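What follows is a set of notes on a single structure, which appears directly below.
Computed from a predicted structure; not experimentally measured. Lettering of chains follows the sequences in order, A, B, ..., and the numbering in each one begins at 1.
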Amino acid sequence: MAQISLTFPDGNAREYEAGITAAAVAESISKSLSKKAISATVNGEHWDLQWPINADASIAIHTMQDDDQALELIRHDLAHVMARAVQDIWPDVKVTIGPVRDNGWFYDFDRAEPFTPEDLGQIEAKMKDIINARDAVKTEVWSREDAIKFYQDNNEPYKVELVERIPAGEDIRMYWHGDWQDLCRGPHLQHTGQLPADAFKLTHVAGAYFLGDSDRPMLQRIYGVAFKNRKDLKAWEVMMEEAAKRDHRKLGREMNLFHMQEEAPGQVFWHPNGWRIYTTLQDYMRRQQTRDGYVEVNTPQVVNRKLWEDSGHWENYQENMFIVEVDEDHAREKTVNALKPMNCPCHVQVFNQGLKSYRDLPLRMAEFGSCNRYEPSGALHGIMRVRGFTQDDAHIFCTDDQIEFETKKFIEFLSGIYADLGFHNWTIKLSTRPEKRIGSEESWDRVEAALGNACRAAGHDFEIQEGEGAFYGPKLEFTLTDAIGRDWQCGTLQVDPNLPERLDATYIGADGDKHRPVMLHRAVLGSFERFIGILIEEHAGKLPFWLAPRQVVVASIISDADPYVHEVVAALNAAGVRAEADIRNEKINYKVREHSVAKVPVILAIGQKEVDERTVTLRRLGEKQTRVVELDQVVTDLAAEATAPDLR
RNA sequence: GCCGCAGUAGCUCAGUGGUAGAGCGCACCCUUGGUAAGGGUGAGGUCGGGAGUUCAAUCCUCCCCUGCGGCACCA
């Protein structure tokens, strides 16, 4: 037998016989390590303890101390244990795939009857039995023919298809957890007893298409979460409760911001409180745009299909547009219009009015563009995914040579806005040429380089998403991370030479000839509706003072204080602070609780003492302590705080 | 759009084959109280919409709408 040399993390190397398993290596080090071992890393690859090592390599043996590997294995093995439990209980159920995902895993099953919540409890109990049985995990590499035959014989048609899809040259690995068999890449634990029986939970059942293909029948997906120990599972549960508390649909109702109703699905009825957030944000964005050299326009909602045919949207998105047919007098056919699903074709119409010179470029044309899209019913979600929304949209008409500078300028613009709005943690992704595309390789090379250079020049790293660009040009996506770690793609910049071509936009160059401009579609917030949803969830409803719809409540303690309460409110209002009086016949405890629940950032309490001394007692949301402040002082301070960040 | 679940007072929810209940909120009265719910009285419902079964439907069946959790989609 040939000898191989394995190098350990501490730099020491030892000789072994070729073909030794990682488990045997662990055993050679110590009995206790061999018991505790869960997997290995061999030449950077996560390695099953049962797999042989045939050549010189670096090796590290993992135990449950190694979080990354431990969580991966726990979740992955639990996916198999769950599938086994399901087939133990219902032998007719067909298994498909079950990958690790997020904080757990899912597994898709084909079963005629739906799984119920009671079923989940039963499956969990069975899983615990399997864990307690400490069943050994075994693996073998099989030939494609044997694997296909095996699954055909066992009436597992999905597995047959999965085996057929494994690329040539890749091992086809069969795994057993006890007697139960599954196709799997591995690696896995040594035995089911290494799984934590008290740190996992089946969370919910949902439909899912096999391999994500909506043309195929729907399977039933069971989701689970798992951690190393019970404490981490509890922490996850607390985190889920926290996320539920931040839900913008719940807070929107509690703070009286907006509502939705079935006569207008996917559209928002903004209440005074919510609309105050909206207009405050829009006013801020308008000031920013104006400062950054944009001109603002406004374009029609109902536009004849001809324009959408010319732009190409009719062909691709007809199904997703609201169609408005009008029966004009004596017309043989109805006139067919569509509510605009986007603003760009209309912006080109504005651009096309009058001759444009190269001296007009770059032309930055902005619109708070109200759009309507007939989104699939299942896609709707609160105010985050709606059918009627307003984009902070703009199109920059420019020459090829101006793309890089305009992109850099835009990134700096966006960066300042995100900072003002309290988002400091965001990333850029650059999506490059897809397989199906138009335009020359040279022009793709040039534009992709321009976007990359612009990011660097603006001082930002970016990640490349290979092949994810539009068919006509590359794009940048700006994704921000919120207070509880969720990512939201908001900003975008998309290079588009196609639409100016289709809609025949031209400018006269320095050479006196007509030229084609390029359009940069760009947005910072995305849509006001969605962004406000994100803001609500980011702050758990406790919006920064300048954005808070209700900023101050001045609450009386005794009714003799009422005149002074009104005076305080008037002084604050005059200084640009949104303040209101609460002189109801209620105790101060009651008022404090009510306004705290409603997330009013500042409560000013007024009793006899304040009236006599011309002060207020100020209490901030979430703080227990109060402090007494002179009236003039509180007006000055709160007025400063109420000023938008760009005006301070 | 697909799979599953749900829809009862403004909100959160209980309930029944014989046309409904709680808490909070709301209105009125008492209370003038010093920082997260003072007390009393009262109003408020086509039980999501339509059809069917039944002597009788909020309850059972079917269809539709809307919402929720995913999947698919997101110009």
Among [options], which is the nearest nucleotide to the side chain of [X]?
X	options	value
A208(A)	G34(B), C71(B), U35(B)	C71(B)
N589(A)	G67(B), A72(B), U35(B)	U35(B)
E262(A)	G70(B), G48(B), C73(B)	G48(B)
R584(A)	G34(B), G70(B), C26(B)	C26(B)
L380(A)	C2(B), G67(B), A36(B)	G67(B)

Report yes if the distance between the aromatic ring centroids of [X] and [Y] is under 6.0 Å, otherwise no.
X	Y	answer
W90(A)	F115(A)	yes
W275(A)	Y278(A)	yes
F528(A)	F389(A)	no

Taking Watson-Crick and G-U wobble pairs with both distances under 3.5 Å, convert RNA chain B into its dot-bracket string, 5' to 3', dots for unpaired and | for cross-strand pairs. (((((((..((((....[..)))).(((((.......))))).....(((((..]....))))))))))))....
Value in whole Å for how far the [atom2] atom of [N] lies from [atom1] of [X]:
X	N	atom1	atom2	result
E113(A)	C3(B)	CD	P	16 Å
K340(A)	A75(B)	NZ	C1'	15 Å
M321(A)	C74(B)	CE	P	14 Å
I603(A)	G34(B)	CD1	P	16 Å
D582(A)	A37(B)	CG	C1'	14 Å
E263(A)	G48(B)	CD	P	15 Å
R253(A)	C68(B)	CZ	C1'	12 Å
K250(A)	C68(B)	NZ	P	15 Å

Would you say [N] has OP1 or OP2 under 4.0 Å from some side-chain N or O of [X]?
X	N	result
R249(A)	C68(B)	yes
R619(A)	A36(B)	yes
H381(A)	C74(B)	no
Y590(A)	G39(B)	no
S214(A)	C2(B)	no
K591(A)	U35(B)	no
R221(A)	A72(B)	no

Confirm from the modelled atom types if T626(A) and G34(B) form a donor-acceptor pair under 3.5 Å, side chain to base only. no
Return yes if the base of G1(B) and the side-chain atoms of Y209(A) contain a donor-acceptor N/O pair under 3.5 Å, otherwise no. yes
Stacked cation flag R249(A) on F258(A), 6.0 angstrom / 45 deg: no
Mind checking if [X] touches a base, just sugar-phosphate, or nothing, with heavy atoms under 4.0 Å?
X	answer
D213(A)	nothing
Q494(A)	nothing
F115(A)	nothing
H204(A)	sugar-phosphate
R101(A)	sugar-phosphate
G526(A)	nothing
S556(A)	nothing
K609(A)	base
R373(A)	base
E610(A)	base
G378(A)	base
P341(A)	base

Most 5' of P376(A) and R385(A) on RNA chain B, judged by nearest nucleotide: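 Counting from the 5' end, the first nearest nucleotide belongs to P376(A).
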So which one's nearest nucleotide on RNA chain B is more toward 5', Q220(A) or K587(A)?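 This one resolves to Q220(A).
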Taking atom [atom1] in both [N] and [M], compute the distance separating them and give it to the nearest angstrom.
N	M	atom1	result
G7(B)	U58(B)	C1'	12 Å
C63(B)	G23(B)	P	39 Å
U53(B)	C62(B)	P	15 Å
G25(B)	G39(B)	P	10 Å
C64(B)	U41(B)	C1'	44 Å
G48(B)	A20(B)	P	14 Å
U8(B)	C59(B)	C1'	11 Å
G15(B)	A22(B)	P	15 Å

S556(A) side chain vs S559(A) backbone, donor-acceptor pair below 3.5 Å: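 Not a single qualifying donor-acceptor pair exists.
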Give a yes or no answer on whether the side chain of W308(A) reaches the backbone of P341(A) with a donor-acceptor pair at less than 3.5 Å. no
Is there a side-chain contact between F109(A) and V86(A) in this structure, where contact means two heavy atoms from C-beta onward sitting under 4.5 Å apart? yes
If we only count heavy atoms from C-beta on, is the H271(A) to H259(A) side-chain gap below 4.5 Å?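 Counting from C-beta outward, H271(A) and H259(A) do come under 4.5 Å.
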Please determine whether the number of non-hydrogen atoms from other residues, nucleotides or ligands lying under 6.0 Å from atom CD of Q625(A) exceeds 12.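 Not buried by this count: 12 neighbours or fewer within 6.0 Å.
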Atom CD of E319(A) with >12 non-hydrogen neighbours under 6.0 angstrom: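 At most 12 heavy atoms, drawn from other residues, nucleotides or ligands, come within 6.0 Å of this atom.
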Side-chain donor-acceptor pair under 3.5 Å between T432(A) and Q465(A), yes or no?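 Result is no, nothing qualifies.
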Between H313(A), R305(A), K306(A), which is the residue that forms a side-chain hydrogen bond (donor to acceptor under 3.5 Å, both in side chains) with E309(A)?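 Of all the options given, the one that passes is R305(A).
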